[in-house]
Student: 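Input: one structure, supplied below.
Numbering of ligands and ligand atoms starts at 1, following listing order. These numbers were taken from a predicted model, which means no experiment stands behind them.
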Amino acid sequence: MAFRTRFAPSPTGPLHLGHAFSALTAYDAAQAAGGSFHLRLDDIDQSRARPEWAAQICDDLHWLGLSWPAPVWRQSDRLPRYRAALERLWRRGLLYPCTCTRRDIQAAANAPQEGAPRFGPDGLIYPGTCRNRPRSGPMPQDQALRLDMKKAMQAIGEAAFHEETYYPGPRAVTARQMIDSVGDVVLARRDMGAAYHLAIVVDDADQEISHVIRGQDLFDATAIHVVLQHLLDFPTPRYHHHRLIRDASGKRLAKRDDARAIALYRSEGKRPADLRAMVGLPPASASV
Ligand code: GLU
Ligand code: ZN
């Protein structure tokens, strides 16, 4: 199978050192394997995505020495694909509409009979308030849709989590864990028609991505993505979760830390090789 990997930033802010590390790691891996590297723009959240950020991201990545084939895929162009995947899950009774607000979820999770509120990869674990709402008839178009994780796990079984899928290997992902510690994740947001987990899985499958190289912060999300791949009969790529770049105090870099934006290092006269060294990567293969 051809080695195809991607870097999929959200154009909602500047790229920082952590992004540079992620993009360079994926790019270097593609070069080493004689494969291809693709840039994809995760702009499904149109309330936050900005064309200026997309332009800046491309410019910073070019400056770092990366290149990718055109056209660049944008999630905002792909909503019909996401809705088609959602329809398949809907017809199997695996989704249900949810009208809870953040506040409703907080209140339900804090109810005394619920015990201490629990958190999963997407924040508070959904307490299941809407789980019994009807799942028949046409798929609701203007409501959030959640995956019934219990039904999903019954449909695919635990064997879905292969050790060789992940690097580093899964910390024993079980059906129980998915139900209790991840729960009924949102696959379609009311305002966007799809949500991150669903969109990324459809994109990786349609773009025939063989290797997903991304940060350890997404390790728990990967299990959700593997579940979706099984439900949708998509192949599961190999996942490599790389270390995270932290600031001097050990805090993970976030987009709001503009001080560490690549653009700022550029304006200070740093070279791509300096940035590679700063994140602990060897020099670009073309320059050695
Ligand atoms: N847009 C996502 C991010 O920047 C993509 C993550 C991924 O699935 O690789 O976190
Ligand atoms: Zn709900």
Student: Closer than 2.8 Å to the Zn ion (ligand 2): does that hold for any N, O or S atom in T99?
Tutor: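 No, outside the cut-off.
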Student: Minimum heavy-atom separation for S22 and G215, please, with both atom names.
Tutor: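 So the minimum-distance heavy-atom pair works out to OG-N, 4.5 Å.
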Student: Are any of the N/O atoms in Y196 less than 3.5 Å from those in ligand 1?
Tutor: yes
Student: When you measure from the heavy atoms of F7 to every atom of ligand 1, does any distance fall below 4.0 Å?
Tutor: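 So F7 does not count as touching ligand 1.
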Student: Quick check on contacts: which atoms of ligand 1 are under 4.0 angstrom from a heavy atom of R214?
Tutor: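 That gives atoms 7 (C), 8 (O), 9 (O) of ligand 1.
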Student: Can you confirm if the aromatic rings of H225 and Y196 lie within a centre distance of less than 6.0 Å?
Tutor: yes
Student: Under 6.0 Å between the ring centres of Y166 and F219?
Tutor: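 For Y166 and F219, the ring centres are under 6.0 Å apart.
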Student: Is the number of heavy atoms from other residues, nucleotides or ligands within 6.0 Å of CZ (R81) greater than 12?
Tutor: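 No.
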Student: Less than 6.0 angstrom from the centroid, inside 45 degrees of the normal: does R238 satisfy that with respect to the ring of Y167?
Tutor: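 Pair R238/Y167 does not count as cation-pi.
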Student: Any atoms of ligand 1 less than 4.0 Å from a non-hydrogen atom of A8? List them with their elements.
Tutor: 1 (N), 2 (C), 3 (C), 4 (O), 5 (C)
Student: Enumerate the atoms of ligand 1 whose separation from the nearest heavy atom of D42 is less than 4.0 angstrom.
Tutor: 1 (N), 2 (C), 5 (C)
Student: In this structure, is the centre-to-centre distance between the rings of F21 and H242 below 6.0 Å?
Tutor: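 Yes; F21 has its ring centre under 6.0 Å from that of H242.
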Student: Is the closest heavy atom of R6 to ligand 1 under 4.0 Å?
Tutor: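 Yes.
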Student: Short N/O distance, under 3.5 Å, between I200 and ligand 1?
Tutor: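 No, there is no polar N/O contact under 3.5 Å.
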Student: Using a strict 4.0 Å cut-off to heavy atoms of L218, name the atoms of ligand 1 that fall inside it.
Tutor: 6 (C), 7 (C)
Student: Do other residues, nucleotides or ligands put more than 12 heavy atoms under 6.0 Å from the CZ atom of R78?
Tutor: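 Counting other residues, nucleotides and ligands, CZ of R78 exceeds 12 neighbours.
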Student: To check your reading of the site, what angle at the Zn ion (ligand 2) do SG of C100 and SG of C130 form, to 10°?
Tutor: 110°
